[in-house]
Amino acid sequence: MHQNKHPLSHNNRLELLAPAKNLAYGIEAINHGADAVYMGGPAFGARSAAGNSLEDIEALARHAHRFGAQVFVAFNTLLHDHELEQARRLTHQIYEAGADALIVQDMGLLALDLPPIALHASTQTDNRTPEKVKFLQDVGFSQVVLARELSLAQIREISAATNVQLEFFIHGALCVSYSGQCNISHARTGRSANRGECAQLCRLPCSLQKPDGEVLVADSHLLSLKDMDQTDNLEALIEAGIRSFKIEGRLKGLDYVKNVTAWYRKKLDAILDSRSDLVAASAGRCSYSFEPDPKKSFNRGSTDYFLNGRQQGIDSTKSPKYVGEPLGRVTRVTKDGIEIDGKQVTLNNGDGLGFFKSNNELVGMRLNKVEGKQLLLSERMPGLKVGTEIYRNHDQAFSKMLEKVSADRRIRVDMVLAECEEGLCLTLTDEQGISAAVTLPCDKQPADNPERALQQARDQLGKLGNTLFVARKIELAFTYPLFIAASQLNGLRRDGIAALEVARVASYQRPERRIALRDISYPQHRLSYLGNVLNSAAEKFFHEHGVERIAPAYEANKEEREVVLMITKHCIRYSQNLCPNEVPGLKAEPLELKMGKDTFRLRFDCNRCEMHVMGSLKK
C-alpha cells in the first residue's frame, strides 16, 4: 500500500471492507488485508446470530487502529419505541469502545442524542437513486451502501450528484429482494428481516404455476440467487465512483473471511500499484502462506448481477447450498468408490465431494483415499452412476493451511541513523508519513573495520522480527563509520519501534460525523409501509423533512390486506423464458409461486423491469 499523499481526501482512498462474526474473525480480516471491518454490537445488528460485546469491539478497534484500519458497528435494525432509549445508550457505549462508525437503517436514531460518531447508511435504507443518496448525505451520513442491483451507469449517476463516500457489495450472498424492501419472512413466520431475524424463505424450493393450478416449474429454488463476485469489475467500479468495496458474510466461517479478504486485497493492491492517483485506506502490506481462491470457500456459483445489465443465469435454482468446484464425470463405479475423467486436480484424503441425484437432490460424501485413478469413498452412495458430474466442496489441504497462521501484515518503515550532539539519533518514518525519533547517548568511536561496522548497523536495525514493521530503507548518516555495539543497536531499534507505535496511536483520528444541513426535504411526501417507520422518533424525523403522510412499517402488523412482500429485480418470467418483451408473440399470463402450503401472486412491473411477490400477513 502507498504513502497517503492526500490524507484529508476520501476521494482517492480505496477501502476493502470485510465482515467479522466476532473478535477473532475481525483480527484475521485485518491481518489478511482489510482496511475496515464491520461487526455486530451487543444488540440491534441485523444478524441476530452475530452479536459482540463492547469489550470485543474495543479490542478489535485497538488492533485495527494500529494499522490505521477502521471498525464499523452494524446497528441496522428497525427499532420499536420501547427500544429507543436502550439504543441511544448503546450508541454512546459503542463510541466509547472506539468504533469508527455506526451502520444505520432506522432514521429514528438521527432524532436521538447520539455521540459524535460517523454514520453510514445501511443497504437496508434502499439506496438506489441520486435523490435518496443526496438526502442521506445532507442529513449527516458520511458513507452510503448502495443497492446491490445497480448498474455501472446508475452508480455513475449517483456519484456525479453526490460527494458522500460510496460503498458497494463486491462479494458474497445476494438477497433476491431490494434490501429493506422484503417482508415475506415477517408475513409468514413473524421473523422480520428488518429486525435481523430473516427466515430466508427465498432459499426454499417452490413451484411456478398458473392460477388454475397448472405447474410450469416444480420444486425449484426459483428465488435463490448465485453469489456476487465482482472480481473482474473492480476498476470499472472505481471509475464509476465506488471507494469502499464490501465483502458480505458476518455469518460465514473463518476460512471464507481469510480467503476472500486476501483475494480482493491482492486485486486492489495490483490496481494501486499501477495508479499514483489512488491510495489504500490503511497501512501495511500482506504476505500469505496460501494462494487465495474464492471458489474454494462457500459460494452458490458466481454472478456480477446487474452491474453490466440484465442477463440470464443469475439464479441458483438447483440448490441453495455450496456445490463446489466441478472435478469431472464418473467413468466407472467400483465396489468401494468411483473413477472420474476431467482435469487433473490433486485430491486429498478427507476431501468433501458432492453430486446431484436424478431428482436434483445434492448429496455430499467424504473421500477416504486416493488410489491411482480410483477415489475410495467413506460409504456406498445410492444414485451414483456413470456420467454423474462430481464436485469438490471441501479441499482438505487448503482448509488445513487456513487453520494455521496464514497472513503477515507489515507496515513499511524508513530508518535513518545519524550523529547528533548526545551521540546517535534514530528516526523512523512509516509509509503514511508518521515519524518518531530516539537518541542513544554514546561516545563516537571510529570503527576498526568500517565495512563490517556499517553492515552490522544495517543488519541489527533491520531485525524487525515480530513487530508490525518491515524496513524499506535504512540510511546511515555518519561523517565516518562508527563502532556501535550490537546490544546498543538492538536497544535503539526497540526504543524506536516502541516510539513509532505510540506515535501511530497518537496520530490516529476517528472520522468525524458529517454536519447535517438544515431544511432538507425527503424526496417523497408520503411513505407507505415500505418506508420502514416503526417508532415515534423516525416519524418525527420524516415529518421534520417534509413527509406529510406516514404509514407504519410492516412490522407494526397493520397491513392485513394483500400487499407487496418482496420487490425484486430478479424476474422469474425472464429467467424462465416467459417474458413477452423478450419472446415475440408470447402472451403475458398471470403467475403464482407455491411455497409449501403458501401461495404468492406474482405481479410484474415491466416499466421498471421489476417483479413483485404479493401476499398477506399470516394470522
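Not measured: the values here are computed from a predicted model.
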Checklist entry - Parallel, tilted or perpendicular for Y529 and Y554, by the 30°/60° rule? => result tilted
Checklist entry - With under 30° as parallel and over 60° as perpendicular, where do the rings of H171 and Y256 fit, or are they tilted in between? => result tilted
Checklist entry - Counting only heavy atoms not in E512, do more than 12 fall under 6.0 Å of its CD? => result no
Checklist entry - Does atom CZ of R601 have more than 12 heavy-atom neighbours from other groups under 6.0 Å away? => result yes
[Y] backbone acceptor or donor facing [X] side chain under 3.5 Å:
X: H32; Y: Y288; value: no
X: R243; Y: R13; value: no
X: T77; Y: G196; value: no
X: D100; Y: R510; value: no
X: Q137; Y: T162; value: no
X: R285; Y: R410; value: no
X: D304; Y: L307; value: no

Checklist entry - Does K246 make a cation-pi contact with Y38, if we ask for NZ or CZ under 6.0 Å from the ring centre and within 45° of the axis? => result yes
Checklist entry - Under the 6.0 Å and 45° cation-pi test, does R573 pair with F604? => result yes
Item to check | Basic-acidic side-chain contact under 4.0 Å: E248, R300 | outcome: no
Item to check | Carboxylate-amine/guanidinium contact D293 K295, below 4.0 Å | outcome: no
Item to check | Residue pair N127 / T125, side-chain donor-acceptor N/O under 3.5 Å | outcome: yes
Item to check | Nearest-0.5 Å distance, SG of residue C609 to CZ of residue F306 | outcome: 7.5 Å
Checklist entry - Is the centre of the H570 ring less than 6.0 Å from the centre of the Y574 ring? => result no
